[in-house]
There are 2 protein chains.
Amino acid sequence: MTFEVLAEPVRRRILDLLRERPRLVGELTAELGLSQPGTSKHLRVLREAGLVRVRAQAQRRWYELDPAPLAEVDAWLAPYRWMWADRFDALERHLDADAAQEAAQETEEER
Amino acid sequence: MTFEVLAEPVRRRILDLLRERPRLVGELTAELGLSQPGTSKHLRVLREAGLVRVRAQAQRRWYELDPAPLAEVDAWLAPYRWMWADRFDALERHLDADAAQEAAQETEEER
DNA sequence: GAGCTATATAACCGCAAGGCAATGTTTTGG
DNA sequence: CCAAAACATTGCCTTGCGGTTATATAGCTC
């Protein structure tokens with residue numbers, strides 16, 4: 001389940017934000033530039049995946065990170081990790097390839 | 001893009017199979033228990049994500065793993081990695097929680 | 001307690017994703 | 001050559017997801 005949850009870019013951003021410090025729904029909504037219900041919906045998914053916890057303080061909800069389920073992702077990734085020799089070089093090569101491919105896809109979409 | 005591609009359980013299984021050795025489309029189709037076009041469709045997605053490469057030999061296509069894009073996932077995961085103290089304990093706890101939650105969800109779905 | 005604040009939930013919409021059957025393409029074998 | 005083998009692509013259907021607006025709920029404030 002964790003993989004599906006992380007597939008959403010918005011949800012990864014939420015986790016990245018919560019990595020710094022706990023946040024209110026309102027703060028997240030502002031930083032993500034989406035509607036409040038949209039944010040709440042993503043938070044619900046993250047909650048059910050166990051990736052975030054909530055503390056209620058009056059009407060406010062403090063959302064904080066719970067990284068435990070990420071261990072599942074890490075575990076899946078583990079047997080692959082030795083395979084790319086220089087990890088950072090591989091990432092850079094991949095990102096370059098991405099840029100090239102996106103350009104190619106745009107060309108393709110113009111047909 | 002890599003995260004979205006990995007969200008599909010079937011595609012993760014394909015990668016796991018290719019981690020052992022390159023395979024033909026037919027072999028994968030058999031092991032995945034899905035239609036041949038279904039398999040080809042997933043392979044196309046994996047190809048476009050740069051996660052697999054193909055070598056043609058007559059009508060046969062040997063698919064092999066290319067782990068490079070996984071570096072992107074690893075890079076995203078990196079700043080979280082220190083956060084779960086004992087990695088394996090965290091995973092076990094999470095998997096236990098999963099089982100409990102799935103049971104709870106089934107109960108919920110019965111309404 | 002009336003209204004405001006902060007968040008959750010509900011209802012609806014559009015689209016993309018995954019599945020299958022049918023068909024196209026290429027290469028091999030006889 | 002012709003039939004079969006091995007894949008890829010196409011077309012179609014259904015489902016689920018992400019987004020928004022509208023509405024409910026809960027707690028604070030004055």
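All chains are named by letter (A, B, ...) in the order of the sequence lines, taking the proteins before the strands, and each is independently numbered beginning at 1.
Where B:W62 and A:L34 meet DNA chain D, the nucleotide closest to each residue was compared, and B:W62 sits on the side nearer the 5' end. Residue-to-nucleotide proximity on DNA chain D shows that, of A:K41 and A:Q59, the 5′-proximal contact is made by A:K41.
The shortest heavy-atom contact between B:I14 and B:L43 is CG2-CD2, 4.0 Å. Scanning both residues, A:R12 and A:L6, for their nearest heavy atoms gives NH1-O, 2.6 Å.
Atom pair B:E8:CD and D:dG16:P shows a separation of 13 Å (rounding to whole Å applied). The CD atom of A:Q57 sits 13 Å away from the P atom of D:dG27 (whole-angstrom rounding). As a whole-Å value, the separation of A:L6 CG from D:dC17 C1' is 16 Å. Look at CZ on A:R61: it is 8 Å from C1' on D:dA26, rounded to the nearest Å.
No single ILVMFWY cluster, assembled from side-chain heavy atoms under 4.5 Å apart, contains both A:L24 and A:V10.
Put simply, chain A comes within 4.0 Å of DNA chain C, heavy atom to any atom, from C:dT5 to C:dA11, going 5' to 3'.
One finds no salt bridge joining A:D16 and A:R11 here, because no Lys/Arg side-chain nitrogen approaches an Asp/Glu carboxylate oxygen to under 4.0 Å. Checked for salt-bridge contact, B:E27 and B:R21 meet the test: a charged N lies under 4.0 Å from a carboxylate O.
Closest approach to the B:R60 side chain among D:dT20, D:dT9, D:dA6 is made by D:dA6 (side chain taken as heavy atoms from C-beta onward).
A heavy atom lying under 4.0 Å from DNA chain C marks the following residues of residues 20-29 of chain A, by number: A:L24, A:V25, A:G26.
Using a 4.5 Å cut-off on side-chain heavy atoms (C-beta onward), A:L18 and A:E64 make no contact. No side-chain heavy atom of B:F3 sits under 4.5 Å from any side-chain heavy atom of A:F3.
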Using residues 51-58 of chain A as the side-chain source, report each donor-acceptor pair under 3.5 Å to any protein atom, sequence neighbours left out, with the distance given to one decimal.
unit_1: A:R53; atom_1: NH1; unit_2: A:D66; atom_2: OD2; d: 2.9
unit_1: A:Q57; atom_1: OE1; unit_2: A:W62; atom_2: NE1; d: 2.8

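Dashed line: the shortest gap from a side-chain N or O of A:H42 to OP1 or OP2 of D:dG19 is under 4.0 Å.
Side-chain contact annotation: B:T29 with B:Q36, donor-acceptor N/O pair under 3.5 Å absent.
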